[in-house]
Each structure stands twice: as structure tokens, then as C-alpha cells.
Trainee: 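What follows is a single structure, and I will ask about it in a moment.
First listed ligand is number 1; within each ligand, the first listed atom is number 1. For the numbers below, each heavy atom of this structure counts, side chains included, while hydrogens, waters and symmetry mates do not.
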Amino acid sequence: MTQEPYISVILPAGGSGQRYHPSQPKLLAPIHGKPVIYHTVAAFYNHPAISEIIIPCTNDLKNQLDAVLHAFCSKYHCVPSGRSRALSVASGYHNRNPRSHYVLIHDAARPNVSANLITRVIAALHTHKAVIPGIPVTDTLKNVANGWITHTVDRSTLVAVQTPQGFHADCLATAYATVLHLDNYTDEASLVEACGTAGKIIAGEPTNIKLTVDSDRHFLEYVWGHSNVHPDSSQSHDGTW
Ligand code: C5P
């Protein structure tokens, strides 16, 4: 490709955040004085390769996001979310700029994504159709039934996957034209896999966590308060799988 590719980013933000805190949308909770969504959008807006940012969200949240994002980011637009994460992402995909060549999908609730990880996903897309960051599983995993361990899982071939997940737009187009029940998919790696495209795993970052419970936010407050433990791919897995 001679020209820089047009890169769309989809930040699904349509979740209810029920596991987080019933009275406050988790994407508006503050970290270091700014809402979670501010940090996530800033990570992509400040990256020079990103062309547009699409945020699937509810109408209620859209007004609140505009209040947070309008002043500093000129490249985002909100689109209606769906009843599941996969449907929210599909809404973002169908509302992207048709020129987009690569599509990155990143959970809005992962505000600690580094520029280095975004760069590495994009670089790997030059040679792969689907690129997925992952980290090795370090805990021992058990299969459990009714509170009793039935067997221990072999963790040596397991990887915990993260976002941003990167795709060639035509790869997602094939998936959306083929797969009937999007609700069954919890990430787009599994969606394209169902259509025969295996994702290439690259090294993720242990601190690129998804905020699920309120203590996750306190963890990030701590991480950002200690810059020597800020995400740095040189401290992650070496990316050889
Ligand atoms: O529920 P889960 O933690 O897997 O959500 C991951 C991301 O997907 C979150 O950023 C959430 O806001 C988003 N989501 C969405 N639409 C839904 C459900 C979740 O955009 N219907």
C-alpha cells in the first residue's frame, strides 16, 4: 500500500456496567481527575495513525460523552449501540467511513491502552488480516462443577486476549455477511474465526485491564501514580507464541 491506510477505531460503550456500580456509569467515573472514557478516547486521538473514532452508545450516554469529549476531540462520532457488545460493534462498523481499510476495536472500558500497543497492532495488520493482543495465563485453571474441581486445565496453550483487536475491513465485512447470531460472540476475534480467519496473537500488556469492578479503577490510579510501572511492551511477554 503506497498511501497511509485509513484506520477506523470502534470503542463499544453501550454496556450497562451493572457489575461496576449501579448508580454511576463506569465510563464516567474519574481516574486522575478525568472520566474513564476521556482517557480511552485520548489514547487513540493522540495516535497519529488513527483517522476516525466511532463510539456505539445509548442516547442517554451520548449527551454525557459529548460534554466530556467535544472540547478536546474532533475525530469522534457516536452511533446507536445494540443489545450486546457484538451488535454495538456491528453498528459502529456499518457507520464507519467506507474508505476505512483497517478497523481497530477496543473496549471503551480499557483506558490504559498504550500508544506502543496501538502501533504494534497496526504494524501487524500490514501482514495479517486479524491481529489480537494476548497475555499468557499465569494462574492455574480448574474446571468446576457444583463447587468441586473436576479437572485441571492445561494452561500452556492458553492466552487471555485483550483489545485493541485489529482487522482488515473486508474480513469483518465477510463475517457480518455470514454470521447469523452475533449475540453469541464476546469478541470479534471469535467472530472472524467462525468464518475461517485465524487471528495472529501479539503481546498484550498486563496493565491494559478492562474496568469491571470499582477496585480496577483504584488499581489504575495506583499504576498511573507510579510511572515506573506504566505499561511498557519491553516488560511484557516477548510476543513469541
Ligand atoms: O460487558 P463487557 O465487559 O464484555 O463489555 C465490554 C465493552 O462492550 C464495554 O466497553 C461495554 O460498554 C461494551 N458494550 C456495548 N454494548 C453492549 C454491551 C457492552 O458496547 N450492549
Trainee: Taking 4.0 angstrom as the limit, do D214 and K26 come out as a salt bridge?
Mentor: no
Trainee: Within the structure, is a non-hydrogen atom of S81 found at a distance of less than 4.0 Å from ligand 1?
Mentor: no
Trainee: Is there at least one pair of N or O atoms, one from L27 and one from ligand 1, spaced under 3.5 Å apart?
Mentor: no
Trainee: Does an N or O anywhere in G15 fall below 3.5 Å from an N or O of ligand 1?
Mentor: yes
Trainee: Using a 4.0 Å cut-off to any heavy atom of S84, which atoms of ligand 1 qualify?
Mentor: 16 (N), 17 (C), 21 (N)
Trainee: If you define the side chain from C-beta out and look only at heavy atoms, does anything of V41 sit under 4.5 Å from F72?
Mentor: yes
Trainee: Kindly give the heavy-atom pair with the smallest separation between T186 and R85, and that separation in Å.
Mentor: O-CD, 3.6 Å
Trainee: Check ligand 1 against S88 and write out every atom of the ligand that is under 4.0 Å from a heavy-atom position of the residue.
Mentor: 15 (C), 16 (N), 17 (C), 20 (O), 21 (N)
Trainee: Is the shortest side-chain heavy-atom distance between Y76 and E52 below 4.5 Å?
Mentor: no
Trainee: Short list, please: which atoms of ligand 1 are under 4.0 Å from a heavy atom of R83?
Mentor: 21 (N)
Trainee: Check whether any side-chain heavy atom of T140 lies under 4.5 Å from a side-chain heavy atom of R155, and answer yes or no.
Mentor: yes
Trainee: Relative to the heavy atoms of D107, which atoms of ligand 1 are at a distance of less than 4.0 Å?
Mentor: 6 (C), 7 (C)
Trainee: List ligand 1 atoms under 4.0 Å from K210, heavy atoms only on the residue side.
Mentor: 2 (P), 3 (O), 4 (O)
Trainee: Side-chain contact, heavy-atom cut-off 4.5 Å: F44 with L104?
Mentor: yes
